[in-house]
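Structure first, then comments.
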There are 2 protein chains.
Amino acid sequence: MSRSGADLALLLLGSYRSMVNAATSELASRGYKDFKPIHEFALRAIVAGADSASDLGRRTSVSKQAAAKTIAVLVERGFVVSAPDPNDARRKRLQVTGAGLEVMSQGEAILENLREKWKKQIGSTELASLEARLTALVGDAAIRIDAPGWVAQDSG
Amino acid sequence: MSRSGADLALLLLGSYRSMVNAATSELASRGYKDFKPIHEFALRAIVAGADSASDLGRRTSVSKQAAAKTIAVLVERGFVVSAPDPNDARRKRLQVTGAGLEVMSQGEAILENLREKWKKQIGSTELASLEARLTALVGDAAIRIDAPGWVAQDSG
DNA sequence: TGACAATAGACAACATGGTTGTCTGTTTAC
DNA sequence: GTAAACAGACAACCATGTTGTCTATTGTCA
């Protein structure tokens with residue numbers, strides 16, 4: 001059964017979705033309702049140094065307005081605080097809160113758990129080589145997580 | 001460098017995007033402007049037997065209204081024709097046109113080409129086993145291609 | 001130093017693609 | 001023959017992105 005290129009693409013998408021769906025539904029069951037991948041990735045970017053809306057937008061290849069909307073949600077839910085930058089009155093500095101770090105770590109743990117499960121199925125070296133191959137395929141293309149629609153879907 | 005579960009998810013997403021971006025931009029350069037994955041998958045579903053809007057909606061796990069909107073686009077571009085069903089006056093039967101088959105085959109060829117390139121890189125048996133593993137990971141979950149946002153994005 | 005360009009963020013308008021709800025007409029099932 | 005189910009159309013709405021415009025602030029440089 002030689003698969004086609006289209007099937008391969010679908011397979012990659014399906015694998016991603018399968019992981020993300022598991023993670024979002026598990027997070028939801030732990031009380032983090034409507035926590036979407038896009039929130040996770042925004043938090044990661046902020047932790048990684050994106051400390052303003054414009055900055056976050058640049059890093060995630062999204063308009064600053066879109067970034068600002070995401071930030072508004074995260075602030076409203078207490079995952080991020082936004083305070084005026086003392087050094088630049090135009091800016092508001094972003095910081096991930098303890099709650100934000102907590103949800104990130106739980107999300108990460110869930111994904112890690114899925115990966116471990118998979119590792120047990122196919123073996124550690126197999127998984128490593130698969131990851132290496134995917135890395136080669138992706139190359140240096142930045143992975144952009146702008147994601148309305150299904151990526152952001154709760155898939156309840 | 002032991003990767004994390006989140007990285008794996010991102011890798012899967014990135015791989016998919018990388019294939020799809022290549023395909024859409026190549027199709028665009030061949031004159032198929034704004035032909036998005038969702039169109040491809042709708043055509044595939046119609047060829048596979050979804051011959052009405054409601055049917056297409058069911059098969060792609062999308063509301064019939066959403067399916068109808070997609071069909072409207074495909075009809076407008078000449079990839080699909082919609083004619084009253086002689087056996088059921090409620091229905092309009094869908095049929096993929098020659099142009100529709102053509103764009104499908106070109107899209108498929110582009111993806112196939114990418115897959116071949118990859119096969120040369122990592123070897124045929126390696127690719128097969130990777131696909132088998134992804135298949136196992138995805139399991140029986142239906143892959144739903146509802147996809148506003150980046151999935152549907154043209155990515156210049 | 002003073003003027004002009006660049007930047008941050010807010011606000012509004014709009015695009016895309018999906019959803020639900022309602023309505024009409026047709027078919028199917030008792 | 002009547003009631004339920006179904007197909008499709010239409011409208012309203014939601015989510016998430018975009019561009020455009022505006023104000024305030026900062027940085028640059030003549």
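What you see is a predicted model; the values in this text were computed from it and never measured. Lettering of chains follows the sequences in order, A, B, ..., and the numbering in each one begins at 1.
Between Thr70(A) and Ala53(B), the residue anchored nearer the 5' end of DNA chain D, judged by the nucleotide with its closest heavy atom, is Ala53(B).
Rounded to whole angstrom, the span from the NE2 atom of His39(B) across to the C1' atom of dT16(C) amounts to 10 Å. One atom, CG of Asp34(B), and another, P of dA15(C), lie 14 Å apart when rounded to the nearest Å.
In this structure, the nucleotide among dT18(D), dG18(C), dA8(C) sitting nearest to the side chain of Lys64(A) is dA8(C). For Lys69(B), taking side-chain heavy atoms from C-beta onward, the closest of the listed nucleotides dG17(C), dT18(D), dT19(C) is dT19(C).
A continuous path of hydrophobic side-chain contacts links Tyr32(B) to Leu74(B) [ILVMFWY only; heavy atoms under 4.5 Å]. Both Val96(B) and Phe35(B) are assigned to one and the same hydrophobic cluster, defined by single-linkage of ILVMFWY side chains at heavy-atom distances under 4.5 Å.
Checked by atom type, the side-chain pair Arg58(B)/Ser54(B) shows no donor-acceptor distance below 3.5 Å.
In terms of phosphate contacts, Lys36(B) brings no side-chain nitrogen or oxygen within less than 4.0 Å of OP1 or OP2 of dT16(C). For dC6(D), the OP1/OP2 oxygens have no side-chain nitrogen or oxygen of Arg58(B) closer than 4.0 Å. In this structure, Ser63(A) reaches the dT18(D) phosphate: one of its side-chain N or O atoms is under 4.0 Å from OP1 or OP2. For dG8(D), the OP1/OP2 oxygens have a side-chain nitrogen or oxygen of Ser54(B) closer than 4.0 Å.
With Thr97(A) contributing its side chain and Gly78(A) its backbone, the two residues share a donor-acceptor pair below 3.5 Å.
Scanning residues 74-94 of chain A for heavy-atom distances under 4.0 Å to DNA chain D yields Asp88(A), Ala89(A), Arg90(A).
Counting only residues at least two apart or in different chains, ring-ring contact (aromatic ring centres under 6.0 Å, His included) contacts with residues 96-131 of chain A are absent.
If you check distances only, the side chain of Gln65(B) never reaches the base of dG17(C) with a donor-acceptor pair under 3.5 Å.
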- Message: Pair Glu112(A), Ser4(B) - check side chain to side chain donor-acceptor pair (under 3.5 Å), show working.
- Response: CA-CA 6 Å; Glu112(A) 190 56 42; Ser4(B) 75; 4.9 Å; no
